[in-house]
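The structure under discussion appears below in the form of C-alpha cells.
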Amino acid sequence: MNRMKITAIALATLAIGATSAQAGCKFSQISGKTFAMSATATADTTKYLFLCQFTTSAAGTVALTPEGCKLNYGTDTDFSAPAPVNIYSGSLTQLPGSCFFDVNLRLIAAAGPTITGRVAFAGKSMATGNWVSSFGASGIVSIMKQ
C-alpha cells in the first residue's frame, strides 16, 4: 500500500511539474520582443561567429533588419572588424505543447543563405540549442531577450 501511495505522489508531482514548466513557455515570450543571438560554428572547414540582434512582430516574424548580424570568420585574428550582414527575414515559431522554438533567419536577400535552429527556453528570457545553415555551417546557438 505504501508503494502505491509513493507512486501516486510521484506521478502527481511529475504532472504538476510538467504543467508548471509548460505554463512558463508561451508564445508571448517571443512575440514583439527584441533578442540578441550568438551562433558559433567550429567545424574544421567552417568557423563562424554570428552575433545578431532582431525584433519579432506580434506574430513572431522578423522584418528586414539592415546589418542585423555581425559575422566573424575563424581566420579573423580578433573580433574587432566583423562583417555586417542584413537579416532579410525570419521567424520564431513555437513547437506545439513544448518550450522548444524554431528559429529561421534568411540573410542578405530573398534567395540568400539561411540559418535554421531549434532552441529550448530556460525561463522566459534565455534559450539555447543548435543551428544548421544552407552554407554548410552548424553549431551552438544562444538567444537572450533584451
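All figures in this text were calculated on a predicted structure; none of them were measured in a lab.
Side chain of S134 to main chain of T114: a donor-acceptor pair is present (N/O by atom type, distance under 3.5 Å, no hydrogens or angles). At distances below 3.5 Å, at least one donor-acceptor pair connects side-chain atoms of W131 with backbone N or O atoms of T40. With hydrogens and angles disregarded, a donor-acceptor distance shorter than 3.5 Å links the side chain of R106 to the backbone of G112. Looking only at distances, a side-chain donor or acceptor of S98 sits under 3.5 Å from a matching main-chain atom of F100. At distances below 3.5 Å, not a single donor-acceptor pair connects side-chain atoms of K70 with backbone N or O atoms of A81. A donor-acceptor contact shorter than 3.5 Å links the side chain of N86 to the backbone of E67.
The shortest distance between side-chain heavy atoms of P113 and I108 falls below 4.5 Å. Residues L92 and D102 are not in side-chain contact: their nearest non-hydrogen atoms beyond the backbone lie 4.5 Å or more apart.
With a 6.0 Å radius and a threshold of 12 heavy atoms from other residues, nucleotides or ligands, Y73 has its OH atom at or below the threshold. F121 CZ: more than 12 foreign heavy atoms inside a 6.0 Å radius.
Using cut-offs of 30° and 60° for the angle between ring planes, the F35 and F54 rings count as tilted.
Closest of all the heavy-atom pairs between Q146 and A36 is NE2-CB, 3.4 Å.
The side-chain contact (heavy atoms from CB on, under 4.5 Å) with T56 is formed by just one residue from the set T61, T34, V62; it is V62.
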